[in-house]
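We name chains A, B, ... by the order of the sequence lines, and we start the count at 1 in each one. Keep in mind that the numbers below use all heavy atoms, side chains included, and drop hydrogens, waters and symmetry copies.
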Amino acid sequence: MRLRLTPRDDSYFEMFADSANNLVIAARLLVELISDGADRDAIGEKMRACEHAGDERTHAIMRRLNESFVTPFDREDIYRLASCLDDVMDSMEAAVDLIGLYGLERLPKGIIDQIEVLERAAELTAEAMPRLRSMKDLTRYWIEINQLENQADQIYRRLLANLFSGEYDALTVLKLKDVIEELETAADAFEHVANTVESIAVKES
Amino acid sequence: MRLRLTPRDDSYFEMFADSANNLVIAARLLVELISDGADRDAIGEKMRACEHAGDERTHAIMRRLNESFVTPFDREDIYRLASCLDDVMDSMEAAVDLIGLYGLERLPKGIIDQIEVLERAAELTAEAMPRLRSMKDLTRYWIEINQLENQADQIYRRLLANLFSGEYDALTVLKLKDVIEELETAADAFEHVANTVESIAVKES
Amino acid sequence: MRLRLTPRDDSYFEMFADSANNLVIAARLLVELISDGADRDAIGEKMRACEHAGDERTHAIMRRLNESFVTPFDREDIYRLASCLDDVMDSMEAAVDLIGLYGLERLPKGIIDQIEVLERAAELTAEAMPRLRSMKDLTRYWIEINQLENQADQIYRRLLANLFSGEYDALTVLKLKDVIEELETAADAFEHVANTVESIAVKES
């Protein structure tokens, strides 16, 4: 471990944890959305509020970065990690927005598997963020996120194949495809967060 | 501000400004393209020339980078900024090419809003590039590009919803969707340029 | 050239060459897949094995990175190059998987041009990796990959236009579009590998 002669600004770790906790809330809104009798308008509104709160947090990290002399790790890595966390939120919000925009009453049943993977990935990410402080015990997090992403891939491809099973007309296929692609993008974005954490750990090691 | 003991190679700032000015020309070709009675073939040709000129500029930046001992900011950031500017051009050119390729006679009216946002983003970017020299007054640029990108998102989603309003058959939806997605990618790419500038400023601050 | 006071860990160059050679194998499986009378199930299986082997190599590079004190170039560049090589494999594997998943018996003839470009790009990449050691003679590689990517773009767009020529119904267009888009993503990913090599060379120059 490197000697640090200056006190580190630990508020970054709290801000990253905050951002990741916000992703847990968003993932749970997705779970709620696909439950029977869900009030989709209300959930859509909460999701937009969640995305707005995420933006606020991202900007707070950027502002802090502009004012800090000493940072716990490279400035550009802090920047990239904040951006990656933001990307996850954007995709989850976009999925909900598309469902409303397209007026999709009925979603394919398998979409619940996609969303449960996102919920788990959000929880793992939120648990890992505080460990950035010590850079310890992060290996397990990467491995689990990678496994989840592989699982998400499988689920996504199965859902894709089902879309073309003959149940849906071409326009409906197009709409549903947009939604499940956005959810797949969210799963990929969780992996980008984990990759960014991994590359930070590699540099600091 | 850091002391600089060596003279900086200021030609980079001019090359970035050149690249960004080229994006303004490209955005105005898009505006022309959707005007009544536009000569689409001629505009397509001009757009390809524009993209070619952009490639030349990008390569000039890369060549200069290979020959410079001192650079105004990190070599990899110069590299990334040049690539991001190039990405914007690629998407605008691809949109025009797809319109020709698909033989799309009639474009949805709302596409003009998408294109006007791109024109404004190009102008803001061209105005900001010379300010890289002093790294001053860039905050306003980021904020405005971010606002434009949010606006572009809204426009894009409204256009998407309109595609499915029943006016178009599935194959036409597919074609138009490719075009408006490419324009949305261009808007995102302008944000990547702004993010790159922001991350450079963060490192240099 | 910089003086190096410590022995460099040259195993990275071998691992990158290994990864790139694996891409050559994968590209040749794509060629095989579109040959008359191809055993698609067997090829799909081989492709998955190939992708798995690629993952193993990527992880070996990451593990080595965690254990190395001295690296031949910046740790984050090694990380990024490994990731980019992995991305190429993922897209090639995804294309094969989609063909199986969608039960696409007949593929458009022009797809062979796309795949031949990928094969050539894989070979060029595999030839270039050992030259990372000396950082010499890499310019030719970038130029050729860039030309191939331009060629791939042209082929891709021609294929796109053909999809809409009236030969296929909307659902079939959607399926085939996914496949040729994935192959186009693989061509782009080869360019990202070349760009990463270029940016490493720029930093080391």
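For the atom pair CG of B:D153 and CD of A:E93, the computed distance is 8.5 Å after rounding to the nearest 0.5 Å. The OG atom of B:S199 sits 9.5 Å away from atom CZ of A:R80, with the distance rounded to the nearest 0.5 Å. Considering CD of B:E191 and OG of A:S83, their distance stands at 9.0 Å, rounded to 0.5 Å. The CG atom of A:D178 sits 11.0 Å away from the CZ atom of B:R157 when rounded to the nearest 0.5 Å. In this structure, the separation between NE2 on A:H59 and CD1 on B:I143 is 8.0 Å, given to the nearest 0.5 Å. One finds the OH atom of B:Y168 at 12.5 Å from the CG atom of A:L171 (value rounded to the nearest 0.5 Å).
Both the backbone and the side chain of B:L160 come within less than 4.5 Å of a heavy atom of chain A. For A:L98, the part sitting under 4.5 Å from any heavy atom of chain B is the side chain, from C-beta outward, and nothing else. Heavy atoms of B:N195 lying under 4.5 Å from chain A belong to its backbone as well as its side chain. For A:D74, no part lies near chain B; criterion is any non-hydrogen pair under 4.5 Å.
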Exercise. Given the rule in the side chain to side chain contact (heavy atoms under 4.5 Å, CB included) test, do A:Y79 and B:E198 qualify, once you have shown the distances and angles that lead to the verdict?
Worked result: CA-CA 9 Å; A:Y79 183 88; B:E198 187 174 9; 3.5 Å; yes
Problem set entry | Intermediate values then yes/no, side chain to side chain contact (heavy atoms under 4.5 Å, CB included), B:R158 and A:L101 | CA-CA 8 Å; B:R158 207 173 52 222; A:L101 207 62; over 6 Å; no
